[in-house]
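To start, the structure itself, in structure tokens.
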There are 2 protein chains.
Amino acid sequence: MATETQRSTGRRRNPATRATILATAFDVVAELGYAGLTIEKVAARAGVGKQTIYRWWPNKGALVLDAVLERTAGSGPEGADGAPAELPDTGDLEADLIAVLVATVAEFADPDFDRALRGLTAAIIEDAELAGAYRERLDGPMRELKKRRLRRAQEVGQLDPDVDLDLAVDLVFAPVAQRWTERSGDLTPDGARAVVRHALRGLAAR
Amino acid sequence: MATETQRSTGRRRNPATRATILATAFDVVAELGYAGLTIEKVAARAGVGKQTIYRWWPNKGALVLDAVLERTAGSGPEGADGAPAELPDTGDLEADLIAVLVATVAEFADPDFDRALRGLTAAIIEDAELAGAYRERLDGPMRELKKRRLRRAQEVGQLDPDVDLDLAVDLVFAPVAQRWTERSGDLTPDGARAVVRHALRGLAAR
DNA sequence: TTGTCAAGACGAAACGTCTCGTCTCTTCAA
DNA sequence: TTGAAGAGACGAGACGTTTCGTCTTGACAA
């Protein structure tokens, strides 16, 4: 996965087949959940041999991670053109973070995305290796964007210059993520606003 | 589970059998993880018929939830005597919350507890019904304790009286929980201290 | 010639249901 | 008070089914 080396001779991997499998996998996990996802089911729906899936993905978790990555490509740190995207920076830190968090809440409201991401999370929870791949390819880049935005706020004196940026990111974004994971309360734009407001008060420059 | 009504006639449920099954289930999930836990394996190890498990628990998730509950009983909101416990209240809010969070970090450091709780979380992520039971029986009571401690802080003027207590709890405790879930960083007592310090700054009375 | 692909056969493992015989506890009539 | 009858719990494991991951086959493209 991490290193998709190209073989020297013989028939090449078919990119269309790969795309079909990943799209089907996303649909299946969105419909049936991670527990309901079966390699056999994906193969049958995609019109593909089981071995074709087993040849390129070691297990369900890796397949679902790739499926989610493929689907979210474009909203990630790199735009469609490959240029690195950035978080909004209007100068108003609070408004910018609220915009990001409200967008996140909106994504969670989409049932397909919700179930797919729950499937991925279920896989990650118990699989340290997959968790590493997830951090490297999804969470990490997003976190880097958040830290960049906060670092700019530090430079402008809107944020305590001594605070650890990873800690700051966690304070702002973990409460909403945690609520989603545990379903321990509604996820509303207003709630997101309150989180940002109070978190920033704790992180402000004195 | 929620209502264990007593049948009028016939042999009663054997509490020792129940305890053996739950203890075995905890061991198995701590050793093999949730994906590696099998009803057949638990039955065999516990020296129990499969039907005895299927009779009392509808699925793996419910079994693991009960197993974790049984193991954590005593450290819950009720002491061994059944009297409701409380979070520490020395008058120093920051120190009290740090003590709780550092204890949580220490629990996560125990490999058995870590794997068992990961198994439970894996089950909960995809099962809304089980998530409800979890909130009602584990998370909810603990959250109530936290809110009580914070409410007292509000009354003493150490906390913004207008802030929503659920939000406050999330701000203080979600960052560490999230790090554990995603394995996105070390869980250290110092990290816990920093979280509490900044979260409280954002929640303080002005 | 080498490697991909769809199709599906294969044995192993776990599923959840069921049946069996044994046991203990409750109920009720003598 | 007692003791048979009935109701479930329990251990054991057989059952048909599903999914697992591997392997084989024949077609085809580089």
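Residue numbers begin at 1 in each chain, while the letters A, B, ... track the order of the sequences.
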Which nucleotide in the list [options] gets nearest to the side chain of [X]?
X       : options                : result
A:Arg11 : D:dG13, D:dA27, D:dC20 : D:dA27
B:Thr17 : D:dG11, C:dT27, C:dA6  : D:dG11
B:Lys50 : C:dC15, C:dC5, D:dC20  : C:dC15

Taking 4.0 angstrom as the limit, do [X] and [Y] come out as a salt bridge?
X        : Y        : value
B:Glu86  : B:Arg152 : yes
B:Arg45  : B:Glu31  : yes
A:Asp112 : A:Arg71  : no
B:Lys146 : B:Asp139 : no
A:Arg143 : A:Asp170 : yes

Any pair with a residue in residues 14-36 of chain B that passes ring pair (Phe, Tyr, Trp, His ring centres under 6.0 Å), sequence neighbours left out, goes on the list, sorted by first then second residue, please. none
May I have the distance from [X] (atom [atom1]) to [N] (atom [atom2]), rounded to whole angstrom?
X       : N      : atom1 : atom2 : result
A:Glu40 : D:dT17 : CD    : C1'   : 12 Å
B:Arg55 : C:dT19 : CZ    : P     : 14 Å
B:Gln51 : D:dC10 : CD    : C1'   : 10 Å
A:Ile53 : D:dG21 : CD1   : C1'   : 12 Å
A:Trp57 : D:dC20 : CH2   : P     : 15 Å
A:Tyr54 : C:dG3  : OH    : P     : 23 Å
A:Trp56 : C:dG3  : CH2   : P     : 11 Å
B:Lys41 : C:dC15 : NZ    : P     : 9 Å

Please give me every residue in residues 19-36 of chain B whose heavy atoms get under 4.0 Å of an atom in DNA chain C, ordered by residue number. none
Of A:Ile39 and B:Ala46, the one whose closest nucleotide on DNA chain D sits nearer the 5' end is B:Ala46
Out of curiosity, B:Arg193 CZ to B:Leu101 CG, how far, rounded to the nearest 0.5 Å? 10.0 Å
Looking only at side-chain N and O atoms, does B:Arg12 come under 4.0 Å of OP1 or OP2 in C:dT26? yes
Give a yes/no on whether any side-chain N or O of B:Thr52 is located under 4.0 angstrom from OP1 or OP2 of D:dC10.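 For D:dC10, neither OP1 nor OP2 has a side-chain N or O of B:Thr52 closer than 4.0 Å.
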Nearest heavy-atom pair of B:Leu187 and B:Val105: which atoms, and what distance? O-CG1, 3.4 Å
Quick one: stems for DNA chain C, with Watson-Crick or G-U pairs under 3.5 Å, at least three in a row?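 Ordered by first number, the stems with DNA chain C (at least 3 consecutive pairs each) read C:1-30 with D:1-30.
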Do A:Thr38 side-chain atoms and A:Glu40 backbone N/O form a donor-acceptor pair below 3.5 Å?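 Not a single qualifying donor-acceptor pair exists.
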